[in-house]
Structure formats: structure tokens, C-alpha cells
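Report on the following structure.
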Number of protein chains: 2
Amino acid sequence: MYCYEYPHAAVTTDCVVFGFDGWRLRVLLVERGIEPFKGWHALPGGFVRMEESVDDCARRELREETGLTVEWLRQFHTFGSVGRDPRERVITVAYLGLVKLANVTGGDDAASAAWHAMDELPRLAFDHSEIVAAAVASMRQDIHFHPIGFDLLPREFTLAQLQRLYEAVLGVEFDRRNFDRKILKLGLVTPVDGRLSRGQGGRPAAVYRFDEARYREFKQAGFRLEF
Amino acid sequence: MYCYEYPHAAVTTDCVVFGFDGWRLRVLLVERGIEPFKGWHALPGGFVRMEESVDDCARRELREETGLTVEWLRQFHTFGSVGRDPRERVITVAYLGLVKLANVTGGDDAASAAWHAMDELPRLAFDHSEIVAAAVASMRQDIHFHPIGFDLLPREFTLAQLQRLYEAVLGVEFDRRNFDRKILKLGLVTPVDGRLSRGQGGRPAAVYRFDEARYREFKQAGFRLEF
DNA sequence: AATATTTTGTGTAGAAATTACACAAAACAC
DNA sequence: GTGTTTTGTGTAATTTCTACACAAAATATT
């Protein structure tokens with residue numbers, strides 16, 4: 001038993017991890033094995049331990065519950081309304097993660113973890129729907145300042161893939177020629193030998209890779225990537 | 001005494017409230033009356049109660065410690081490293097507040113609360129320097145999407161004041177004519193009768209006021225205000 | 001093998017926005 | 001009234017943005 005002079009809320013972390021399947025955004029969800037909300041879908045997450053930072057907790061819980069290690073993971077909001085957990089007062093720090101789906105499909109060893117398309121999400125436990133919505137909003141902000149494609153696409157990709165990613169995140173459509181021109185002018189991507197076919201027939205496209213050095217430059221300088 | 005099966009961290013809120021004195025950004029600080037860090041400057045804040053949301057806690061602590069009620073207050077980051085408070089494990093949710101200085105000078109009834117210029121901050125207790133730095137960074141992001149001047153300037157202002165505010169926040173300088181043109185084209189401000197002198201001599205400038213209706217429109221549409 | 005289908009690659013002209021820049025007039029301080 | 005400070009105003013050159021269509025390359029189908 002641990003006793004305190006004043007009542008203490010419990011603190012948890014929850015992770016909204018996004019992947020991109022080439023067409024839609026996907027979110028990693030687990031199925032709850034215990035009450036409350038047993039059998040419901042939920043965000044991976046859990047209680048912060050005394051000897052770990054909140055950031056570390058997010059990474060640990062994610063690994064334990066889904067077998068996944070994400071490189072890009074940042075806090076985006078803390079949810080602290082009074083009734084959000086029926087058991088006790090729980091305040092959760094929510095994290096936004098980005099992963100290259102190609103690298104992880106099959107890597108999640110927790111059987112209950114699965115990728116769900118953003119536009120077909122099941123009902124979620126607690127206030128997790130609200131948390132996912134906030135994560136999407138936060139990502140939309142981010143995308144104006146950070147080249148997010150970097151972390152969602154495979155190392156080599158076509159401009160069409162990148163465009164489709166932007167369209168999925170922002171919910172808009174772009175003119176292919178104008179999009180390409182803008183991306184290339186930024187100098188964030190460099191061409192790579194070879195071509196990549198789309199699988200549905202059609203001419204294979206030129207392949208690019210993000211230029212890490214230039215990405216870091218931009219990040220430092222407070223750069224803006226917009227459409 | 002309050003007892004739990006597992007150890008619990010304490011949760012606090014801390015507020016970084018910015019004002020604009022016409023030339024520089026200022027931050028509201030209190031002097032600590034108790035150990036640890038007794039006598040040091042610190043951000044206003046305190047422990048979250050069981051029956052209040054985290055957001056409510058921020059507002060309450062701010063009012064109790066500084067006598068201030070801010071309209072614009074939003075969470076920007078949660079600080080949760082292990083050793084940040086020597087007493088016990090404390091996780092703090094940090095808030096960013098904006099106030100019109102003209103309305104509040106004198107209104108802070110807590111004698112220990114005072115406005116400090118951003119470029120002459122004293123040493124701060126705990127990791128509060130880090131928190132202030134993060135707040136500035138967060139505000140710089142915000143200013144691209146939200147017309148922050150709205151909340152920092154008095155109801156009526158000149159374009160020179162608005163420009164100076166942007167320069168103070170972003171740490172850059174703008175050409176006066178180009179700045180004016182851009183602001184006016186946005187349609188966010190409407191002219192008001194009268195002129196406002198600067199106090200150092202010189203011709204008094206035209207006076208403007210933010211157009212609230214148009215501001216809300218923009219905010220909804222996910223608008224961008226940039227330079 | 002021929003044909004149909006899909007996707008890539010490419011250019012330009014008009015509109016809009018951005019930048020750089022200087023001097024006269026108004027108000028106030030002294 | 002003289003000097004100082006600050007406002008108000010316009011334009012030309014550059015750059016960026018937008019809208020838009022057709023031929024060529026590769027694959028899928030028969």
C-alpha cells in the first residue's frame with residue numbers, strides 16, 4: 001500500500017500510432033482483456049511507473065502491448081477531465097507516433113494489436129475516440145512544419161505516394177504537376193536509381209528518398225512545408 | 001490519509017502567462033513562500049484536486065496565486081521527468097496564457113506576483129526555465145495559425161503596435177509598409193475613429209480593432225497568418 | 001501478339017503575391 | 001518656430017501560384 005496526505009490521481013500514457021498503407025491512414029489499436037471495457041478496442045497505453053519518465057512510459061507500454069518500437073513519438077495533449085475512467089481519477093498523457101508500416105506488419109507480436117483504417121474505426125473504450133480525433137488535428141498542424149512523410153513512407157517512394165499521403169492527412173486533393181514541382185523545389189528529396197510500379201498496371205514512376213541532412217537543416221531553421 | 005495499491009505521482013499545473021508591454025513580452029511570475037526553492041521565482045501553479053479537471057485547476061491556481069483571470073489559456077505540454085521535484089514524483093501539465101496587460105496591471109492582488117520581461121528573467125525554481133522556453137516555442141508555432149495579437153493587445157491599437165508584437169514574438173523585423181498591407185488585406189482588423197499617439201512625439205497613427213466575427217470565421221477554417 | 005488500360009512525364013500563360021525601396025506631411029517636444 | 005519623430009503612401013521587378021491537356025511508357029487482358 002502507498003499512502004499520501006492528499007488524494008492522488010493516477011497517471012497513464014496512451015499512444016495514437018499512425019501508419020500509412022499507401023492509400024489511407026491507419027491507427028494501431030489493441031483489444032482490452034480486462035474490465036472496464038473488456039473486449040472493446042482501445043489505444044495502447046498504461047500506468048506511469050515511479051522510476052520512469054512519462055515519455056519512457058509511453059514507449060514501454062507501446063512495446064509491451066503491441067511489440068512495436070516507434071522512432072517518431074511525441075506528446076500532443078494531456079486529457080484530465082474528471083470522469084474519464086470509471087475506476088479512479090486517471091489523467092492520461094497522449095502521444096502521437098508515426099511508423100513506416102512496411103517495416104512493422106507482422107512485427108507486432110501482441111495478437112490483439114491491429115491496424116485499423118482511420119475511416120472505419122470501431123467504437124473505442126474510455127474517451128479514446130476523442131483522443132484519436134485530437135491526434136489527427138495535431139498531425140494536421142504538424143504537417144505544415146515537419147516533413148512527416150519521412151516517417152510514414154518507406155525509405156524509397158514515388159512522388160505519387162507522397163502526394164497520396166498528404167491528401168489522406170489533410171483531406172484535400174492536389175494537382176499532380178504542381179505538387180511534384182513544389183516538392184522538388186524544396187530539395188528535401190533526392191532521386192534514386194530505379195523505378196517503382198504501382199501494381200495496378202501503368203508506367204512505373206521515378207523513385208526518391210528523403211535527404212536526411214537537408215531535413216535536419218530545415219527542422220532547425222523552423223521551416224514551413226505547406227500546400 | 002489516502003492509500004493506493006500502486007504508487008501514484010502527484011499532478012500539478014503551471015501557467016506561463018504572457019503579456020505585451022508595447023515593446024517586449026512579459027511573463028507573470030510569483031515568489032515562492034515555502035520550501036523547496038523558498039524565495040525563488042516560479043510559475044504560478046499547484047496541485048490538481050480530485051473534483052476538478054486539469055484545465056480547471058490551471059485557472060483556479062492562477063486566480064489564487066495572482067488574482068488573474070485569463071481568457072486565453074491552453075495546455076501546451078506536460079513535463080514528466082523523474083527528478084523534477086525534490087519532494088515527490090510530480091508531473092506537471094503546463095499552460096500557456098495570454099492577457100491584455102493594460103487590463104490587469106494593478107489587478108493582481110497577490111503581492112508576490114509580478115511581470116518580468118522575457119529577456120531579463122531571474123533564475124527560476126524547479127525546471128520552470130525549461131517550461132518557459134517551451135512556452136515561447138509553442139507560441140511561435142501558434143502565431144502562424146492564430147491571430148494572437150487579439151489577446152495581447154488592448155481593444156484598440158495601431159498597426160505599429162501589432163507589428164512590434166509580431167517582431168517581439170518571432171524575433172525578426174518587418175517592413176512597415178508590407179506588414180500593413182498584409183494585415184489589412186486579411187480583413188481581420190477594422191479602422192476605428194480617432195488616432196493614437198505614441199508618447200515619444202511624432203504623428204499619431206490610425207487606430208484599429210480586431211473584427212471578432214471575422215476572427216472566428218478564420219479560426220474555424222484553419223486559417224494561416226504568416227510572415 | 002495485339003489491344004486496352006493505367007499511370008507517368010512534361011510546359012506555359014495568366015493571375016496573384018512578395019519584395020525592396022524613399023519622401024512628404026503631420027504632430028509633438030523643446 | 002524649429003527640430004525630431006512617426007505616419008502615410010505607390011510602384012516596378014520578381015517570384016510564386018494556379019489551372020490545365022496530351023503523348024509516351026509500361027502493364028494487364030484477351
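None of these values were measured; they are calculated from a predicted model.
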Please report the distance, rounded to the nearest Å, between CG in A:Asp180 and P in C:dG11.
13 Å
What residues form a salt bridge (Lys or Arg N to Asp or Glu O under 4.0 Å) with A:Arg26, not counting sequence neighbours?
A:Asp21
Do any side-chain atoms of residues 126-138 of chain A form donor-acceptor pairs under 3.5 angstrom with protein atoms, and if so which ones, sequence neighbours left out?
{"residue": "A:Asp127", "atom": "OD1", "partner": "A:Arg84", "partner atom": "NE", "Å": "3.4"}
{"residue": "A:Asp127", "atom": "OD1", "partner": "A:Arg84", "partner atom": "NH2", "Å": "2.9"}
{"residue": "A:Asp127", "atom": "OD2", "partner": "A:Arg84", "partner atom": "NE", "Å": "2.7"}
{"residue": "A:His128", "atom": "ND1", "partner": "A:Leu43", "partner atom": "N", "Å": "3.0"}
{"residue": "A:Ser138", "atom": "OG", "partner": "A:Arg74", "partner atom": "NH2", "Å": "2.8"}

State which residues pass ring pair (Phe, Tyr, Trp, His ring centres under 6.0 Å) with A:Phe76; sequence neighbours excluded, sorted by chain then number.
none
Using whole Å, report how far CZ of B:Phe174 lies from P of C:dT18.
12 Å
A:Lys182 vs D:dC17: side-chain N/O to OP1/OP2 distance below 4.0 Å:
yes
Between CG of B:Leu159 and P of D:dT6 the distance, given in whole Å, is 16 Å
Over how many whole Å does the gap from B:Leu184 atom CG to D:dT7 atom C1' extend?
14 Å
In this structure, how many angstroms lie between the C1' atom of C:dT8 and the CG atom of A:Leu162, rounded?
16 Å
For A:Asp119, give me all partners under salt bridge (Lys or Arg N to Asp or Glu O under 4.0 Å), at least two apart in sequence or on another chain.
A:Arg24
Distance check needed: C:dG11 C1' versus A:Phe179 CZ, whole Å only.
19 Å
I'd like to compare against my own output: the B/S/- annotation of nucleotides 21-30 of chain C with a strict under-4.0 Å heavy-atom distance to protein.
BB--BBS---
Take the protein atom CG of B:Leu186 and the nucleotide atom C1' of C:dT18, then report the distance between them rounded to whole Å.
14 Å
Please list, chain by chain and in numerical order, all residues satisfying salt bridge (Lys or Arg N to Asp or Glu O under 4.0 Å) with A:Arg60, sequence neighbours excluded.
A:Glu52, A:Glu64
Less than 4.5 Å apart, side chain to side chain, heavy atoms only: is that true for B:Leu152 and B:Trp72?
no
Applying salt bridge (Lys or Arg N to Asp or Glu O under 4.0 Å) to B:Arg164 and not counting sequence neighbours gives B:Glu167
At how many degrees, to 10°, do the end axes of the helix from C:dA1-D:dT30 to C:dC30-D:dG1 meet when each uses five pairs?
30°
Carefully, step by step, assess A:Phe18 and A:Met118 under the rule side chain to side chain contact (heavy atoms under 4.5 Å, CB included).
CA-CA 9 Å; A:Phe18 289 110; A:Met118 265 303 292; 3.8 Å; yes
Ring pair (Phe, Tyr, Trp, His ring centres under 6.0 Å) against B:Tyr208, all qualifying residues, sequence neighbours excluded
none
